[in-house]
Amino acid sequence: MKIIVCRNYAEMSAESAKIVADQIKSKPDCVLGLATGSTPEGMYACLSTMHRDEKLDFSKVTSVNLDEYYPIAPDNDQSYRYFMNFHLFDKVNIDKSNTYVPDGTAEDPDKFCADYEKLIEELGGVDLQVLGIGRNAHIGFNEPGDILYPDTHLTELTPSTVEANSRFFDSVDDVPKHALTMGIASILRAKKIIVLASGKEKHNAVLKLLGNTLETKYPATMLALHHDVTLICDDAAYNG
Ligand code: PGA
């Protein structure tokens, strides 16, 4: 795994935005796998600025997002569709019809998940997948447990994730308890992966990620199976 340690969040955001921008410049019709959460917000802000000031061109880009709460409506301001529109899609010249976020209103979630896998395959796979990492080392909503799932699936959030994400909701009771998420194999099928981590509360997850074991109780450790992963983190996440 390649490791880039940045001084702070701003530098981590700029470094990761540069990697995404280089991907778009080298393949304008690339497929980006995108993530939500606090960590990539700065990266999206940098990409929006690069579009505005340097004419970084998203017009041929397609995006597929990692996950979405379930159930949730796309216009709910805590949905990941809303997040993506707000932080990136509304700020750049991407064609919204080429942006895919799992559908938190799907009537048949299992069918939706199977179709999402087919969609990614039909798009030719993800060229560059952006990931955050949970404090419990989850990736997407692949939560720690005895087993992990390979493909996109409906999952139940762990109490610790519900609690961590309650900061965005009025109360912990308002946090959806399920999510649709790409599975570990869906993530590993990306041609290239970057993992962003910031802050000392992610230090233990980063240690696990770099620990050179495969443990279902630390889902991010599965990234060791991929040949092109870059961790971009700040000093606090790296050194604690
Ligand atoms: P965060 O979430 O960026 O809000 O910390 C990361 C994650 O849970 O994957």
Side-chain angles (χ1 to χ4, degrees), residues 6 8-17 20 32-47 64-70 72 77-84 86-88 101-102 104 126 129-145 148-149 152-153 155-169 172 174-184 186-188 190 193-210 216-223 229-238 240:
C6 303
N8 51 38
Y9 179 76
E11 206 177 277
M12 182 206 74
S13 301
E15 277 292 326
S16 47
V20 176
L32 298 178
L34 297 178
T36 51
S38 309
T39 314
E41 283 180 17
M43 181 193 80
Y44 292 134
C46 291
L47 287 168
V64 286
N65 262 74
L66 266 181
D67 51 13
E68 177 61 284
Y69 288 118
Y70 187 84
I72 201 162
D77 64 5
Q78 293 309 324
S79 78
Y80 289 168
R81 162 54 74 180
Y82 189 100
F83 176 104
M84 289 310 304
F86 181 80
H87 287 286
L88 186 68
V101 179
V126 170
Q129 176 68 55
V130 177
L131 294 178
I133 184 169
R135 295 178 226 181
N136 62 5
H138 72 202
I139 47 175
F141 274 126
N142 294 279
E143 297 280 32
L148 294 170
Y149 293 88
T152 303
H153 59 285
T155 188
E156 188 172 349
L157 307 188
T158 60
S160 83
T161 297
V162 170
E163 157 65 24
N165 290 8
S166 66
R167 67 192 194 276
F168 301 113
F169 290 81
V172 71
D174 291 338
V175 185
K177 306 296 181 290
H178 291 83
L180 303 168
T181 183
M182 284 188 199
I184 298 293
S186 342
I187 292 170
L188 291 174
I193 299 174
I194 59 175
V195 186
L196 279 55
S198 168
K200 69 175 183 332
E201 65 277 13
K202 297 293 174 69
H203 178 57
N204 285 335
V206 166
L207 286 181
K208 289 295 171 193
L209 174 65
L210 300 175
T216 61
K217 61 180 189 288
Y218 301 109
T221 60
M222 298 298 152
L223 295 173
V229 180
T230 303
L231 168 67
I232 309 163
C233 60
D234 60 13
D235 183 64
Y238 193 71

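Both ligands and their constituent atoms are indexed starting at 1 by order of listing. The structure presented is a predicted model; accordingly, all values stated were derived computationally and were not measured.
- Residues satisfying the side-chain hydrogen bond (donor to acceptor under 3.5 Å, both in side chains) test with Lys217, not counting sequence neighbours, are Glu215.
- Listed here is the closest heavy atom pair of Asn136 and Glu143: ND2-OE1, 3.2 Å.
- Atom CG of Asp67 and atom CG of Leu180 lie 9.0 Å apart (nearest 0.5 Å).
- A distance limit of 4.0 angstrom between heavy atoms and ligand 1 selects the residues Gly37, Ser38, Thr39, Gly132, Ile133, Gly134, His138, Arg167, Lys202.
- Phe169 and Tyr69 have their aromatic ring centers within a separation under 6.0 angstrom.
- Partners of His203 by ring pair (Phe, Tyr, Trp, His ring centres under 6.0 Å), not counting sequence neighbours: none found.
- Applying the ring pair (Phe, Tyr, Trp, His ring centres under 6.0 Å) rule to Tyr149 yields the partners His153; only residues at least two apart in sequence or on another chain are considered.
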